[in-house]
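We name chains A, B, ... by the order of the sequence lines, and we start the count at 1 in each one. We use all heavy atoms of the structure for the numbers below, so side chains are in, but hydrogens, waters and symmetry mates are not. No experiment lies behind these values; they were computed from the predicted model shown.
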Protein chains: 2
Amino acid sequence: MTGWEDVRAEVLRRIRARDWAPGALIPGEEALAVEFGVARATVNRALRDLAEAGLLERRRKAGTRVALLPVRRATLEIPVIRQEVEARGQRHSFRLLAMADAVPPVPVASQLGWGPGLAKLYLETLHLANGKPYAHETRWLEPAVLPDPPPDFSGVSANEWLVTHVAYATGDIAFSAEAADARCAEVLGVAPGAALFVTERTTFSAQGAITFVRLVHAPGYRLHTLV
Amino acid sequence: MTGWEDVRAEVLRRIRARDWAPGALIPGEEALAVEFGVARATVNRALRDLAEAGLLERRRKAGTRVALLPVRRATLEIPVIRQEVEARGQRHSFRLLAMADAVPPVPVASQLGWGPGLAKLYLETLHLANGKPYAHETRWLEPAVLPDPPPDFSGVSANEWLVTHVAYATGDIAFSAEAADARCAEVLGVAPGAALFVTERTTFSAQGAITFVRLVHAPGYRLHTLV
DNA sequence: CAGTGGTCTAGACCACTCG
DNA sequence: GAGTGGTCTAGACCACTGG
């Protein structure tokens, strides 16, 4: 009946009830373990969870404090586009619009740590949901990560091939709102200047930068947190 | 030398190296504990972490499998606006543009489970960074959560008051791109139709809905994940 | 129903850091 | 230096769920 989730719930209750005010030091793990009648490891698990959520601040020797200004932490799921479309009950397809060796623009190259003037693989893909434009993908890809012969990106989207073959890399994701430029407007079938949701991702492996991808979503796209 | 992070690193290496292919069953905790020469709890901690990151799928009795299409999970930090502005090295200020009792529009009321026709508190705030428009906040607030007398929202932004006084509630966050309407354009000083980044949050406590807030950010706003 | 992960315990040592 | 959280261990029981 008294598991770590119960401990977490009780601690959370005390925080909300301001039994423990923001900024205040709360009792140590040992004391709480005695009070709740559980092992210290159980208390530790509960407090660690609340700390990860941003509600507590823990430091050795200094003890555990209630966060002064709790930073909301939210988790997003970024699925493969095919999954995303199919989760909406629609049929996913895509068209490879362009594929070429080319020198990436300086901002892209510098962000990925690619030397200036080096040619990389450029891919432009239009994703469709039930045959209607869903997202416009432009991608720069380190050709060294590809096998020989390279995969057929007109049969498998680069998006999906990378996830399953160069998986589990680290990276950075940024979201913004941008006005549709001429190319996006044409491809997505919207008016130039329309407000579009943009996702930009850089992906690194231990060997270096793998890819930079920019996804411009069709109007109406919303990104949702879990819970 | 052999902690749970070492175990996680080694498991991650095997996944990346495809020693364990996507979809494949990996050895049980007991077996791995023996192999690595650690306690089962240590293996458990490592595998649980990888499962939370979306790289493994664990089910009792069925065992642990490498995720077929690893869904990228990203964590965002949503700070209080004042912190956000100050983190950029700018000075935060705000102006309370409107405050009134009013009946929220039907979509808002229904999303929050508020009965139709009930009046709530409406707040409209402009946040400034170094005196320049930063974000336009429109908020519907359950008046029952306010103390008597209510806080002075022209002195403390509702954003910040709520975080420190009704903190630690659950909720839902959505992001989208929208064209500036006349009001936003005027307040933020941009052209009507400009592409703006919009954050919408609903917040619930155990007692029910607390608030719905819509933040329209000035152009150039980018939302970034942590690593 | 049997196997796997999920959790708890009691004790221990360690790492960090505050005073 | 000493107090606090971070982690490990060995063993145990439990909960879920696949076959």
Legend entry - Given C:dC13, D:dG18, D:dC8, the nucleotide with the shortest approach to the side chain of A:Arg40: C:dC13
Legend entry - C:dG5 phosphate, OP1 or OP2, under 4.0 Å from B:Thr64 side-chain N/O: yes
Inset, instruction - Would you mind telling me which of C:dG6, C:dT9, D:dT9 lies closest to the side-chain atoms of B:Ala41? - result: D:dT9
Legend entry - Expected output: side-chain A:Thr203 to main-chain A:Ile210 donor-acceptor under 3.5 Å: no
Inset, instruction - Look at all strands and tell whether B:Ala62 reaches a base, only sugar-phosphate, or nothing, counting heavy atoms closer than 4.0 Å. - result: sugar-phosphate
Legend entry - Between C:dC8 (P) and A:Arg48 (CZ): distance, integer Å: 11 Å
Inset, instruction - Please determine, for the side chain of A:Thr42, which listed nucleotide (C:dG5, C:dC8, D:dT7) has the closest atom? - result: C:dC8
Inset, instruction - Please state how far atom CZ in B:Arg60 lies from atom P in D:dT17, giving the value in whole angstrom units. - result: 7 Å
Legend entry - Length of the CG-P vector between B:Asn44 and D:dA10, whole Å: 15 Å
Inset, instruction - Please tell me which of the listed nucleotides, D:dT7, C:dC16, C:dT7, lies nearest to the side chain of A:Arg45? - result: C:dT7
Inset, instruction - Find the distance A:Ile26:CD1 to D:dG3:P and express it as a whole number of Å. - result: 19 Å
Inset, instruction - Measure from the side chain of A:Arg58, starting at C-beta and using heavy atoms only, and say which of C:dG3, D:dG5, D:dA10 lies closest. - result: D:dG5
Legend entry - Whole-Å gap separating P (D:dG5) and CG (A:Asp49): 16 Å
Legend entry - Parallel, tilted or perpendicular: rings of A:His127 and A:Phe94 (30°, 60°): tilted
Inset, instruction - May I ask you to check whether B:Glu124 and B:His136 show a side-chain donor-acceptor distance below 3.5 Å? - result: yes
Inset, instruction - Kindly point out which of C:dC8, D:dG5, C:dG5 is positioned nearest to the side chain of A:Glu29? - result: D:dG5
Legend entry - Distance, nearest 0.5 Å, that separates CD1 of B:Ile15 from CZ of B:Arg8: 11.5 Å
Inset, instruction - Compare the minimum distances between each of D:dC8, C:dC18, C:dA2 and the side chain of A:Arg59, then state the nucleotide with the smallest one. - result: C:dC18
Legend entry - Between D:dG18 (P) and B:Lys61 (NZ): distance, integer Å: 9 Å
Inset, instruction - Tell me which nucleotide among D:dG5, D:dT9, C:dC8 gets nearest to the side chain of B:Ala39. - result: D:dT9
Legend entry - Integer-rounded Å distance: C:dT9 C1' and A:Glu30 CD: 13 Å
Legend entry - side-chain N/O A:Thr2 vs C:dC8 OP1/OP2, d < 4.0 Å: no
Inset, instruction - Any chance you could measure B:Ile173, atom CD1, to B:Ile78, atom CD1, to the nearest 0.5 Å? - result: 4.5 Å
Inset, instruction - Return the value, rounded to whole Å, for the distance between atom CD of A:Glu57 and atom C1' of D:dT4. - result: 16 Å
